[in-house]
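Numbering of ligands and ligand atoms starts at 1, following listing order. The shown structure was predicted, so the numbers you read here are calculated from the model rather than taken from an experiment.
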Amino acid sequence: MIRINENYLKLRSSYLFVEIANRVSSYQKENPDAEIIRLGIGDVTLPLPPACIQAFQEGVKEMASDSTFRGYGPEQGYGFLRDKIALNDYQALGADIDSDEIFVSDGAKCDTGNIQELFATDIRLAIPDPVYPVYLDTNVMAGRTGNFNNGRYNDIIYLESLPENGFVPFLPETPVDLIYLCFPNNPTGATISKDSLKKWVDFAHEHKVLILFDAAYEAFIRDPDLPRSIFEIDGAREVAIEFRSFSKTAGFTGTRCAYTVVPKTCMAYDERGQQHSLHGLWSRRQSTKFNGVSYPVQRAAEAAYSDAGKTQIIEMVDYYLKNAALIRNEMASLGFEFVGGENSPYIWVHCKRDAWEFFDLLLKTAGVVTTPGPGFGKCGEGFIRISAFNSYEKVEKAMVRIKDALSG
Ligand code: PLP
């Protein structure tokens with residue numbers, strides 16, 4: 001008899017998106033002519049930058065000829081891409097990261113989900129609340145979280161992000177081994193200052209903790225004082241791994257390319273207290289279970305670092321930030337408190353009532369779909385996430401409708 005991994009039974013069902021889909025489809029059935037505007041999803045809407053498309057096409061052409069065809073590539077990614085990443089995303093910021101500390105992959109989702117394989121099953125985990133659900137669910141699958149009770153897993157230390165702490169969690173007060181952080185944050189859109197991030201890095205040094213830092217939304221940072229990478233902080237090379245993605249930066253959600261930075265100086269320990277390089281373990285994991293990202297996709301990602309690519313990406317992100325500014329303005333004029341939307345595509349709105357009730361109100365009176373906060377954790381109660389990923393025209397229309405609905 002084949003038995004299952006019973007940890008899967010501890011997972012909460014993907015209730016959130018199913019429930020949103022059900023509510024939207026029943027609204028649509030009742031109102032077949034209503035135009036629904038979706039500000040709920042975290043997927044980009046603009047096409048790939050022309051520089052990336054051109055490099056993508058050239059890469060495909062190379063695959064069509066004997067002399068330039070490529071088979072399996074290096075599991076860690078082609079040198080041409082790793083070099084550009086190290087130079088542009090790290091060395092240019094003064095962060096000491098080498099190209100061989102970069103592991104190219106097909107997504108930050110896979111990497112943030114797979115990384116936990118490197119750690120013992122009985123480590124103590126600190127996970128933000130609200131949170132991008134992948135960090136939590138992959139640890140549930142691995143048996144690290146205990147059972148789910150009253151909206152929380154028993155063995156997780158929750159790092160609460162609330163108005164009281166400006167949506168940047170306080171340092172944990174109980175012992176912990178592994179900490180997940182994400183800035184600019186999904187779902188709150190909050191950012192972290194260099195000083196605050198330094199406190200986390202110092203804490204990690206002091207307590208032999210590892211920080212997993214998800215910077216998937218780094219491209220949305222416009223404030224020059226905010227850190228784009230944890231490796232801008234002194235000491236982070238010993239205690240942090242960083243995840244980045246071309247998904248939200250360059251519109252690669254359907255094209256798939258991301259990378260993880262594991263510095264060679266970043267260590268973890270075995271039962272006897274002996275230290276091991278996480279770089280070596282991740283390299284072993286990737287070369288065993290992953291065969292690399294396709295050549296044309298890596299060429300397309302490389303083009304994101306060309307002069308034309310850089311300009312096009314800034315324009316693209318600016319477009320979403322303009323949407324975000326519009327949403328912020330409208331929420332402010334309606335008297336809501338919110339965070340995010342300045343260096344992030346998400347606006348986290350305190351709706352001062354039940355989140356699902358507010359979701360229904362916006363759907364039924366304005367035809368606008370948002371994401372109720374409780375889907376991201378207990379601290380999401382009373383909040384909704386509004387996403388800036390849509391066309392400016394639709395965001396504008398959505399804001400007019402919300403204003404009419406709420407002030408009418
Ligand atoms: N990390 C965060 C915080 C995200 O919000 C997302 C996607 O929404 C990802 C990672 C996944 O990125 P990718 O498309 O590279 O898998």
Atom indices of ligand 1 within 4.0 angstrom of [X] heavy atoms, with elements:
{"X": "Lys248", "value": "7 (C), 8 (O)"}
{"X": "Asn186", "value": "3 (C), 4 (C), 5 (O)"}
{"X": "Gly107", "value": "15 (O), 16 (O)"}
{"X": "Cys182", "value": "3 (C)"}

Ligand 1 to [X] polar contact by distance, N or O atoms, under 3.5 Å:
{"X": "Lys109", "result": "yes"}
{"X": "Arg256", "result": "yes"}
{"X": "Tyr346", "result": "no"}
{"X": "Ala108", "result": "yes"}
{"X": "Ser245", "result": "yes"}

(message) Checking contacts here: is it the side chain or the backbone of Ser247 that comes within 4.0 Å of ligand 1, counting heavy atoms only? Could be both or neither.
(response) side chain
Sub-4.5 Å side-chain heavy-atom contact between [X] and [Y]:
{"X": "Met267", "Y": "His276", "result": "no"}
{"X": "Val201", "Y": "Ile230", "result": "yes"}
{"X": "Ile192", "Y": "Leu226", "result": "no"}

(request) Kindly assign one of parallel, tilted or perpendicular to the pair Trp348 and Phe383, based on the angle between their ring planes and the thresholds 30° and 60°. (result)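 Parallel, since the angle between the ring planes stays under 30°.
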(message) Please determine whether the number of non-hydrogen atoms from other residues, nucleotides or ligands lying under 6.0 Å from atom NZ of Lys322 exceeds 12.
(response) no
(request) Kindly check if the number of other-residue, nucleotide or ligand heavy atoms within 6.0 Å of NZ (Lys109) is above 12? (result)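 No, not enclosed.
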(request) Walk me through it: do Tyr78 and Tyr295 pass the test ring pair (Phe, Tyr, Trp, His ring centres under 6.0 Å)? (result) CA-CA 8 Å; Tyr78 283 102; Tyr295 173 73; 5.4 Å; yes
Using residues 364-380 as the side-chain source, report each donor-acceptor pair under 3.5 Å to any protein atom, sequence neighbours left out, with the distance given to one decimal.
unit_1	atom_1	unit_2	atom_2	d
Thr365	OG1	Leu361	O	2.4
Thr371	OG1	Gly40	O	2.6
Lys378	NZ	Asn150	O	3.2

(request) Out of Asp106, Asp214, Val44, indicate the one that has the non-hydrogen atom closest to atom 1 (N) of ligand 1. (result) Asp214
(message) Against ligand 1, does Tyr217 come closer than 4.0 Å with any heavy atom?
(response) yes
(message) Checking a contact table here: which protein heavy atom is nearest atom 9 (C) of ligand 1, and how many Å away?
(response)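 The closest one turns out to be Tyr132 OH, 3.2 Å.
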(request) Test Tyr217 against every option in Tyr320, Tyr132, Phe243, Tyr346 by the ring-ring contact (aromatic ring centres under 6.0 Å, His included) rule and name the one that passes. (result) Tyr346
